[in-house]
Amino acid sequence: MKAVHHIAIIAGDYERSKKFYTEVLGMEIVREVYRQERDSYKLDLALDGHYIIELFSFPGAPQRPSRPEAQGLRHLAFAVDDLDREVYRLKQKAVELEEIRIDPYTGKRFTFFADPDGLPLELYEI
């Protein structure tokens, strides 16, 4: 293996999640396709020019348990240079974030928030 190629996310409300990932988080749209045979959209998103997320709509998909934490994928973490600046920027867009914490092993600062479907997301200062 060389790297993580992409992360796939199924949105409960495709348009709401599309707006969140593009307008709130600032990801760029690489491609958007409607797959008629599946009645599903697929939105390819890039971060800083790197393809990273496939956002899907699947009618009738069950909700994912996020709280209490369940087995499986725990969260997605995004590296940031200036945590305070990113927290401020997201708060200006009405995103609720947890308090900033310090990783006891690395000494790095981080915080959590959620996407529109409650998927846990993390900002980790590098």
Side-chain angles (χ1 to χ4, degrees):
M1 286 185 269
K2 295 175 81 173
V4 173
H5 185 265
H6 69 270
I7 299 154
I9 298 172
I10 299 172
D13 179 323
Y14 177 74
E15 290 300 326
R16 179 184 67 182
S17 290
K18 176 182 174 180
K19 183 176 181 176
F20 177 81
Y21 282 94
T22 59
E23 296 178 20
V24 175
L25 296 187
M27 294 185 181
E28 306 105 35
I29 295 174
V30 175
R31 166 185 325 101
E32 181 177 33
V33 295
Y34 177 72
R35 301 174 308 168
Q36 187 172 359
E37 70 280 2
R38 298 180 93 175
D39 189 24
S40 170
Y41 280 94
K42 177 181 179 281
L43 180 66
D44 296 334
L45 298 168
L47 184 60
D48 197 27
H50 299 283
Y51 176 66
I52 187 169
I53 289 181
E54 290 180 345
L55 183 66
F56 292 95
S57 69
F58 287 121
Q63 291 185 349
R64 174 193 186 277
S66 292
R67 300 268 190 267
E69 290 183 303
Q71 293 178 2
L73 181 65
R74 187 173 184 188
H75 62 266
L76 305 180
F78 298 100
V80 298
D81 291 322
D82 184 335
L83 184 61
D84 295 319
R85 182 179 67 225
E86 289 301 318
V87 165
Y88 177 79
R89 187 182 71 78
L90 290 177
K91 283 184 177 180
Q92 295 305 303
K93 296 183 181 257
V95 174
E96 294 182 29
L97 295 100
E98 294 181 6
E99 293 296 317
I100 292 174
R101 296 185 254 169
I102 297 176
D103 186 315
Y105 304 105
T106 66
K108 301 288 187 175
R109 297 180 330 133
F110 66 96
T111 188
F112 285 93
F113 61 107
D115 84 347
D117 291 306
L119 177 66
L121 303 174
E122 178 183 6
L123 297 178
Y124 195 90
E125 193 171 56
I126 57 171

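Side chains are part of it too, since the values below use all heavy atoms of this structure and drop only hydrogens, waters and symmetry mates.
The backbone N or O of Val24 lies less than 3.5 Å from a partner atom in the side chain of Arg89, making a donor-acceptor pair. Side-chain atoms of Ser57 never come within 3.5 Å of backbone atoms of Ser40 as a donor-acceptor pair (strictly under, hydrogens ignored). A donor-acceptor pair under 3.5 Å links the side-chain atoms of Thr111 to the main chain of Glu98, judged by distance alone. With hydrogens and angles disregarded, no donor-acceptor distance shorter than 3.5 Å links the side chain of Asp103 to the backbone of Gly107. Looking at Asp117, its side chain does come within 3.5 Å of a backbone N or O of Gly12 through a donor-acceptor pair. Under the 3.5 Å distance criterion, the side-chain polar atoms of Asp82 are matched with a main-chain donor or acceptor of Asp84. In terms of modelled atom types and a separation under 3.5 Å, the side chain of Lys93 and the main chain of Glu23 share a donor-acceptor contact.
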Q) What do the steps show when you test Arg35 against Val33 for side chain to side chain contact (heavy atoms under 4.5 Å, CB included), and what is the final call? A) CA-CA 6 Å; Arg35 301 174 308 168; Val33 295; 4.3 Å; yes
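There is a path of hydrophobic side-chain contacts, each under 4.5 Å, that joins Tyr21 to Tyr41. The cluster map of Ile, Leu, Val, Met, Phe, Trp and Tyr, joined by side-chain heavy atoms under 4.5 Å apart, puts Phe58 and Tyr14 in different clusters. Under a hydrophobic-cluster definition in which Ile, Leu, Val, Met, Phe, Trp and Tyr are linked whenever side-chain heavy atoms come within less than 4.5 Å, directly or via other members, Ile7 and Phe56 are assigned to different clusters. Leu119 and Ile10 fall into different hydrophobic clusters, defined by Ile, Leu, Val, Met, Phe, Trp and Tyr side-chain heavy atoms under 4.5 Å apart, directly or through other members.
Residue Gln63 qualifies as open at atom CD: its count of foreign heavy atoms under 6.0 Å is 12 or below. More than 12 heavy atoms of other residues, nucleotides or ligands sit less than 6.0 Å from atom OH of Tyr34. Enclosure of atom CZ in Arg38 is not indicated, since only 12 or fewer non-hydrogen atoms of other residues, nucleotides or ligands lie within 6.0 angstrom.
Ring-plane geometry between Phe112 and Phe110 is classed as perpendicular, the angle between the planes exceeding 60 degrees on a 0 to 90 degree scale with a lower cut at 30. Aromatic ring pairs are classed by plane angle as parallel below 30°, tilted from 30° to 60° and perpendicular above 60°; the pair Tyr51 and His6 is tilted. Between Phe20 and Phe113, the angle of the ring planes lies from 30° to 60°, which puts this pair in the tilted group.
With rounding to the nearest 0.5 angstrom, the CD atom of Glu86 is 13.0 Å from the NZ atom of Lys91. Rounded to the nearest 0.5 angstrom, Leu123 CG and Ile100 CD1 are separated by 9.0 Å. Annotation: the span from Ile126 atom CD1 to Thr106 atom OG1 amounts to 12.0 Å, rounded to 0.5 Å. To the nearest 0.5 Å, atoms CG (Leu25) and CG (Leu90) are separated by 6.5 Å. The line from CZ of Arg31 to CG of Leu45 is 11.0 Å long, rounded to the nearest 0.5 Å. One finds the CG atom of Asp48 at 11.0 Å from the CE atom of Met27 (value rounded to the nearest 0.5 Å).
In this structure, Val80 and Tyr124 have side chains that are not in contact, with every pair of non-hydrogen atoms separated by 4.5 Å or more. Side-chain contact check for Phe78 versus Leu121: some heavy-atom pair is nearer than 4.5 Å. A heavy-atom distance below 4.5 Å is not found between the side chains of Ile29 and Asp44.
With salt bridges taken as basic N to acidic carboxylate O contacts below 4.0 Å, none links Lys108 and Glu125. Comment: Lys42 does not engage Glu32 in a salt bridge, judged by the lack of any side-chain N to carboxylate O separation of less than 4.0 angstrom.
Across Glu28 and Leu47, no two heavy atoms sit closer than the pair OE1-N, 4.0 Å. The shortest non-hydrogen separation linking Ala46 to Val30 is CB-CG2, 3.6 Å. Nearest heavy-atom pair across Pro116 and Arg16 is CB-NE, 3.2 Å.
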